[in-house]
Amino acid sequence: MSLLDNLNPEQLAAVTLPDQHALILAGAGSGKTRVLTTRIAWLIQSGRTSPAGLLAVTFTNKAAKEMLTRLSAQLPINTRGMWVGTFHGLCNRFLRTHFREAGLPQLFQILDSQDQLSAVKRVLRSMNADEDKFPPRQVQYFINANKEEGRRPAQAEVFDDFSRRSVEFYAAYEEQCQKEGVVDFSELLLRTFELLSRNEVLRDHYRNRFRYILVDEFQDTNRLQYRWLKLLCGPASVMFAVGDDDQSIYRFRGANVGNMGDFERDFKVENVIRLEQNYRSHGHILSAANSLISNNSRRLGKNLWTAAGEGEQLRVYEAPSDGYEAAWIAEEVKNLVADGHLRRDIAVLYRSNAQSRVLEHALFSQGIPYRVYGGLRFFERLEIKHALAYLRLLASPEDDGAFLRVVNFPTRGIGARSIEQLQDAAKVHGTSLFAAVSHLSGKAGNSLAGFVRIIEDLRAATKDLPMPEVVEHMLEKSGLIRHYQAEREGADRIENLNELINAAAAFVQEDSREPAANDLASFLAHAVLESGENQAAEGMDALQMMTVHSAKGLEFHAVFITGLEEGLFPHEQSVNEEDGLEEERRLMYVAITRARTRLYLSFAQTRLLHGQTRYNVASRFIDEVPEGLLTWLTPRMRGQGAYAASSPMAPSVNDWSPSTSFAKPASRSSSSGHSWRIGQAVNHAKFGQGVIVSAEGAGADARLQINFGRQGMKWLALAYAKLEAA
DNA sequence: AATCCGTCTATTTTT
DNA sequence: TAGACGGATT
């Protein structure tokens with residue numbers, strides 16, 4: 001069987017493209033990964049390149065792994081040693097090889113965002129910065145934003161007091177990192193970029209080596225990543241970029257869709273191939289997605305189609321409250337399961353994590369197993385971070401961040417005063433904290449010397465031991481295990497620490513294909529760069545719950561898109577941002593295209609948010625789907641009267657669900673024979689549909705506050721406003 | 001060194 | 001409403 005069997009004409013064209021730069025606009029469910037891996041397999045099989053001659057970049061480790069797995073299924077080659085990985089993973093590999101030219105210690109450590117934040121805090125403290133005026137998070141963001149624009153402190157732009165001072169923090173932060181031998185995520189990229197820019201020999205070497213560069217999820221690249229690719233792509237190389245501008249949903253973290261257009265222009269791309277045939281969803285679902293996204297301007301343009309039938313219509317449900325919405329979902333999931341569907345093939349999507357709470361409550365009380373994606377990952381757990389800090393100290397004692405994390409954990413009588421003395425000594429002698437211990441005497445000196453001895457004994461004892469045993473010794477000698485044994489709730493933590501030994505064993509076995517200068521250092525890099533699975537353990541068949549963002553790339557038989565309310569989805573904060581609404585719409589597009597055969601859209605009139613009841617109007621995104629594709633499960637009408645009469649069911653949970661606003665005595669105002677209630681839906685000649693949020697005054701002075709969604713919140717005088725019940 | 005209490009904040013997330 | 005954080009208390 002040939003590689004090229006069963007490809008559609010566009011896929012085939014993409015896979016077998018001649019040696020020219022190409023942009024593949026790959027719609028949702030159009031076989032993007034297949035095209036990418038088959039292209040690689042085809043390049044190798046046809047002798048155009050050896051595995052070593054290509055570079056394939058992805059965004060997530062999951063995607064990289066998937067690519068390698070599929071590749072080895074297609075071709076009998078050894079994928080080890082191939083440059084397939086994430087931007088950060090590849091940069092790490094590059095910098096490990098060229099650490100000297102990059103001005104880094106051989107065993108440089110990598111900071112995750114958490115570590116970076118503590119590093120920034122230390123800088124701020126050492127400079128006596130007012131943390132109210134300069135919140136560490138914002139300074140961190142400032143630093144990263146500059147790095148992602150390729151700017152060092154000298155180039156950073158100053159436009160106000162905050163940025164003026166932040167540049168100083170940036171400079172101090174860099175100095176601190178350099179001294180401690182650590183690099184953050186953006187630094188991996190920037191260092192690599194700078195080294196390749198200034199070192200012609202190195203640059204030519206890699207340019208000659210990588211004749212084929214393939215990039216996945218191109219719409220997610222940031223400016224620096226794009227420049228990095230451009231630099232690496234030599235005159236004899238060709239770039240194959242795959243992406244979907246309609247699925248660009250990460251602008252808030254630096255992704256720049258504009259890179260797609262820039263790529264076309266900068267590389268004079270003549271081959272733009274659209275993969276528009278969708279193999280995932282039924283027709284009506286795709287029509288809904290197409291209609292919705294057509295409301296966006298500035299698209300590269302694409303229309304999905306399917307050979308499958310039209311399928312079902314989209315089902316729309318309006319609930320009186322978030323509690324009812326959740327209860328209805330639980331009920332509907334039960335029905336689906338009763339019809340023989342697997343829970344793991346059903347997803348409940350929401351815009352923000354806070355929404356999962358009510359949903360979980362309803363599912364839990366209905367006894368429906370579910371799994372919430374997101375949250376803490378393995379290597380981010382507190383006890384694991386502590387353990388890793390000990391390992392980092394073994395590899396590089398000058399890592400002050402690691403030192404501070406565990407010098408007094410488990411507690412060994414080293415207080416803030418001792419640390420202060422130590423920091424002074426380190427400053428005076430210009431050394432790391434670890435090295436400065438020898439300059440201290442007295443009580444502080446003694447206890448600190450005890451800590452240093454622990455680390456040094458550990459280093460001596462574990463020299464030449466295999467990784468899992470190093471970890472085991474560390475857990476023992478550091479006192480971490482003992483500490484958690486003494487703690488009442490420590491059982492889980494001990495389990496995780498033991499799991500770390502397994503992780504080390506697994507790493508040594510499978511993953512140590514890196515130029516293993518040092519097993520410990522590469523294991524630590526692995527821990528930071530792949531912080532582990534984001535989901536709970538497999539096994540039980542559980543309903544899948546996640547944000548729309550984390551659903552990208554996945555597909556399910558049935559999908560619930562919940563909380564479709566103005567202010568929530570689209571989110572109120574994004575409506576004010578430049579391009580914010582369009583990004584929200586792309587997010588909705590991603591959500592819709594996750595569904596194979598059944599899609600539910602739901603919203604609630606009332607929602608408890610931040611401890612306050614909010615009255616919302618249905619999302620405009622529902623209006624943007626053609627009426628003919630929708631089946632309303634509730635009357636297409638607003639107002640509780642209409643709802644209550646036809647409410648299909650009341651939640652069987654009782655202590656929490658029916659929204660408080662419907663239970664509490666509503667404040668009333670009346671005029672011209674009408675009676676108005678908080679929460680009631682109304683129509684206004686100019687502003688359209690809205691919901692009464694609050695009221696004040698009485699008689700002729702009565703005023704109502706009405707949420708008109710898109711038109712905003714208005715105060716209207718009841719005597720003048722022409723209102724009618726909706 | 002652990003615990004308590006008041007204050008603050010509250011999209012989205014990978015590396 | 002709830003959680004995270006920092007400062008003060010015991």
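Chain naming here is simple, since letters A, B, ... match the order of the sequence lines and numbering starts at 1 in each.
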Could you state the [atom1]-[atom2] distance from [X] to [N], rounded to the nearest angstrom?
| X | N | atom1 | atom2 | answer |
| --- | --- | --- | --- | --- |
| A/Leu111 | B/dT14 | CG | C1' | 16 Å |
| A/Arg351 | B/dA10 | CZ | P | 15 Å |
| A/Leu581 | B/dT11 | CG | P | 18 Å |
| A/Lys147 | B/dT14 | NZ | P | 21 Å |
| A/Asp115 | B/dT15 | CG | C1' | 13 Å |
| A/Arg93 | B/dT15 | CZ | P | 17 Å |

I want to check one thing: is the phosphate of [N], taken as OP1 and OP2, less than 4.0 Å away from some side-chain N or O of [X]?
| X | N | value |
| --- | --- | --- |
| A/Asn353 | B/dT11 | no |
| A/Thr547 | B/dT11 | no |
| A/Asn61 | B/dT15 | yes |
| A/Ser550 | B/dT13 | yes |
| A/Asn408 | B/dA1 | yes |
| A/Arg412 | B/dA1 | no |

Please classify the nucleic acid contact of [X] as base, sugar-phosphate, or nothing, using heavy-atom distances under 4.0 Å.
| X | result |
| --- | --- |
| A/Glu380 | nothing |
| A/Ser574 | base |
| A/Phe87 | nothing |
| A/Gly415 | nothing |
| A/Ser186 | nothing |
| A/Glu577 | base |
| A/Phe59 | sugar-phosphate |

Checklist outcome for this item: Contacts of A/Phe185 and A/Ile249 projected onto DNA chain B by closest heavy atom; the upstream (5') one is A/Ile249
Protein-nucleotides 1-5 of chain C N/O pairs under 3.5 Å:
from, atom 1, to, atom 2, distance (Å)
C/dG3, OP1, A/Arg357, NH2, 2.8

Item to check | Nucleotide nearest A/His549 (side chain, heavy atoms from C-beta), chosen from B/dT12, B/dT14, B/dT15 | outcome: B/dT12
Checklist entry - Is the A/His526 ring parallel, tilted or perpendicular to the A/Phe507 ring (thresholds 30°, 60°)? => result tilted
Checklist entry - Please walk me through it: do A/Glu578 and A/Arg251 pass salt bridge (Lys or Arg N to Asp or Glu O under 4.0 Å)? => result CA-CA 11 Å; A/Glu578 163 88 3; A/Arg251 209 185 51 130; over 6 Å; no
Next on the checklist: So that I can tick it off, tell me whether A/Arg620 and A/Glu624 are bridged by a salt bridge, with the cut-off set at under 4.0 angstrom between side-chain N and carboxylate O.
Outcome noted: no
Checklist entry - Less than 3.5 Å between a donor and an acceptor, one on the side chain of A/Thr60 and one on the base of B/dT15, is that the case here? => result no
Checklist entry - Does the ring of A/Tyr250 meet both stacking tests against the six-membered base ring of B/dT12: centre distance under 5.5 Å and plane angle under 30°? => result no
Next on the checklist: Here's one to test your reading of the geometry: is the NZ or CZ of A/Arg586 within 45 degrees of the ring axis of A/Tyr589 and under 6.0 Å from its centre?
Outcome noted: no
Checklist entry - Got a second to check how far A/Leu568's CG is from A/Leu609's CG, nearest 0.5 Å? => result 6.5 Å
Checklist entry - Are A/Asn144 and A/Gln116 close enough that a side-chain donor and a side-chain acceptor fall under 3.5 Å? => result yes
